[in-house]
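Notes follow the structure.
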Amino acid sequence: MDITGRLNILGIESSCDETSVAILTNEEVKANLISSQHFHKAFGGVVPELSSRAHLQIVKPLIDSALTMTNLKLKDIDLITATAGPGLIGALLVGLTFAKGLSFSLKKPFIPVNHIEGHIFSGFLMKQKPEFPALVLVVSGGHTLLLYVESYSKVYKLGTTVDDAAGEAFDKVSKMLGYGYPGGPQIEASASKGDESSIKFPVAELKDQYNFSFSGLKTAVLRYIQNNHPNGKIAESDLSNISASFQKALVGALMKNVTLALNNYKVKSLSLVGGVAANKKLRIEFKNVAEKFNIPSIIPSTEYCSDNAAMIALRGYQLYQTGFKSDLNAKPYPSIPENHFLKLN
Ligand code: KG4
Ligand code: ZN
């Protein structure tokens, strides 16, 4: 605790291939260290066992660095938070167990955090905070969710993906084009050199209007490659045109549902979060739609879009303020618990 009574919160994130440690003083980020496991690239995707081992090696040095950076000692930490799920069980276990151990030895409260809730409320890490009710689009490697967020504890699900997540679609198309993992940043770089109107990729029309589907788009890209480049050799300019046209179709599908929701629900802010929110085209289109509806849009800076512990510490702090308490029995979980979000209709 500092002299004004503000709490020092430690956050640990280890759900996938980023180990991250953050220290917040109340809502203010004092340190947010992220160590990315780049070695997975060689395998074309995240190898769970290797991920767990890498988290184990780096989590303690990261905590030491965060304490040094903030001039704090472990005894100055008032609240310990860690991601409990969804994510890779072995990877989650590392951060969660470390946090529980610290909580036990320091006799400080521990709060397990849902990773997706961390993303949902990551807009609150920014200077301009979202206002409730907010429309939040979560786009990550594992999730695509359109949410009506009424308060810190009332989150209604409007739509989700019926197949691939937005980030997953970027990663799969990237693999098809020979760019590898993670696909988003590479497709984005390739797209910047291409013509987004060169190929018309179809986007699924779903009966459940707020849901998303990206597997048809992914298959359309595959068919296009098979039909136009049967020998598998694709010239650089064609690769860029495919990337740009794919990116346009995917961003268009996301924005279509956001626009529909804005037409049907009165909200005071719009927030775009998750790893795919780093995408520049998506950020621009999102801001344009918000402007059209005259609503403030809050998109976290890129360090808070991809997996980070600052959003975990912040969410833990929000829960702590609502009086939420946890013992040390919290278990890691691989997916979002069923009925985790409320139903609006
Ligand atoms: O939120 P995140 O870091 O991890 C999960 O919780 O899944 O999201 C990772 C996803 C990956 O699929 C990656 O390809 C995608 O975010 N991504 C992007 C960009 N940067 C990362 N997708 C599109 N454009 C980007 N610039
Ligand atoms: Zn994430």
Side-chain angles (χ1 to χ4, degrees), residues 11-20 22 32 34-38 40-41 44-46 48 51 82-88 91-92 95 113-123 125 136-145 160-161 164-177 179-192 194 196 212 214 217-218 243-244 246-255 271-286 299-312 314-315 333-336:
I12 304 177
E13 153 65 33
S14 69
S15 66
C16 191
D17 55 348
E18 256 99 28
T19 321
S20 180
N32 183 41
I34 302 171
S35 167
S36 297
Q37 303 173 356
H38 297 294
H40 293 294
K41 278 193 178 94
V46 178
S51 165
T83 307
L88 303 168
L92 288 164
V113 173
N114 179 295
H115 179 88
I116 299 303
E117 287 183 10
H119 277 304
I120 294 169
F121 295 98
S122 59
L125 289 165
V136 180
L137 178 66
V138 184
V139 274
S140 72
H143 300 90
T144 306
L145 291 159
T160 185
T161 179
D164 294 342
E168 198 179 352
F170 268 103
D171 294 336
K172 286 179 176 169
V173 167
S174 175
K175 221 174 200 174
M176 286 178 208
L177 300 180
Y179 290 133
Y181 177 89
Q186 299 184 71
I187 296 260
E188 177 167 23
S190 164
S192 69
E196 63 175 22
F212 305 92
F214 299 115
L217 172 60
K218 181 189 66 188
S243 295
F246 159 76
Q247 183 177 261
K248 182 189 177 187
L250 190 141
V251 169
L254 292 173
M255 295 321 302
S271 188
L272 171 69
V273 299
V276 183
N279 186 277
K280 286 186 205 73
K281 182 175 170 64
L282 178 56
R283 293 172 86 92
I284 292 168
E285 303 260 325
F286 202 81
I299 310 177
S301 51
T302 46
E303 75 169 306
Y304 302 134
C305 287
S306 51
D307 291 345
N308 67 88
M311 68 180 191
I312 301 303
L314 181 70
R315 182 58 184 156
Y333 47 91
S335 48
I336 305 181

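We're numbering straight along the sequence, starting at 1. Counting starts at 1 for both ligands and their atoms, in listed order. Remember, it's a predicted structure, so these values are computed and weren't measured experimentally.
In terms of protein heavy-atom proximity, atom 24 (N) of ligand 1 is nearest to Asn279 ND2, 3.1 Å. Protein heavy atom at the shortest distance from atom 15 (C) of ligand 1 is Val276 CG2, 3.9 Å. With respect to atom 11 (C) of ligand 1, the closest heavy atom belonging to the protein is Asp171 OD2, 3.6 Å. If you check which protein heavy atom lies closest to atom 26 (N) of ligand 1, you get Glu188 OE1, 2.7 Å.
Interatomic distance, Gln247 CD to Leu282 CG, rounded to the nearest 0.5 Å: 8.5 Å. For the atom pair OG (Ser20) and CD1 (Ile12), the distance works out to 10.0 Å, reported to the nearest 0.5 Å. Going from atom CG of Asn279 over to atom CZ of Phe286 covers 13.0 Å, rounded to the nearest 0.5 Å. Taking OH of Tyr304 as the reference point, atom CD1 of Ile299 lies at 16.0 Å (rounded to 0.5 Å).
For the side chain to side chain donor-acceptor pair (under 3.5 Å) test, residues two or more places apart in sequence or in another chain that qualify with Glu117 are Arg315, His340. Residues meeting the side chain to side chain contact (heavy atoms under 4.5 Å, CB included) test with Ser192, sequence neighbours left out: none. In terms of the side chain to side chain donor-acceptor pair (under 3.5 Å) criterion, residue partners of Glu18 (sequence neighbours excluded) are, by chain and number, Ser36.
Close approach of ligand 1 to Ser306 (heavy-atom distance below 4.0 Å) involves ligand atoms 3 (O). For ligand 1, the atoms lying closer than 4.0 Å to a non-hydrogen atom of Gly183 are 14 (O). Residue Gly142 has at least one heavy-atom neighbour below 4.0 Å for each of these atoms of ligand 1: 7 (O). Taking every heavy atom of His119 and a limit of under 4.0 angstrom, the matching atoms of ligand 1 come to 1 (O), 6 (O).
Using a 3.5 Å distance cut-off with no hydrogens or angles, the side chains of Glu13 and Asn308 do not pair a donor with an acceptor. Between the side chains of Thr144 and Thr161, not a single donor N or O lies within less than 3.5 Å of an accepting N or O. Between His38 and Asp17, the side chains place no donor N or O within less than 3.5 Å of an acceptor N or O (distance only, hydrogens not considered). Looking at Tyr179 and Ser190, their side chains do bring a donor and an acceptor atom within 3.5 Å of each other.
For the Zn ion (ligand 2), protein N, O or S atoms under 2.8 Å: 3 in total.
An N or O contact shorter than 3.5 Å links Gly167 to ligand 1 by distance. By the 3.5 Å distance cut-off applied to N or O atoms, Gly184 is counted among the residues near ligand 1. Residue Gly141 has at least one nitrogen or oxygen atom sitting less than 3.5 Å from a nitrogen or oxygen atom of ligand 1, judged on distance alone.
The backbone and the side chain of Asp307 each have at least one atom closer than 4.0 Å to an atom of ligand 1 (non-hydrogen atoms only). When non-hydrogen atoms are compared, ligand 1 lies under 4.0 Å from the side chain of His115 (C-beta onward) but not from its backbone.
Between Phe214 and Phe212, the ring-plane angle classifies as parallel under the 30° and 60° cut-offs.
Using a cut-off of 4.0 Å between Lys/Arg side-chain N and Asp/Glu carboxylate O, Glu188 and Lys280 are scored as salt-bridged.
Summarising the contacts of atom 16 (O) of ligand 1 with Ser36, Gly275, Ala277, Ala165, the nearest heavy atom is found in Gly275.
The closest approach between a heavy atom of Cys16 and any atom of ligand 1 is not below 4.0 Å.
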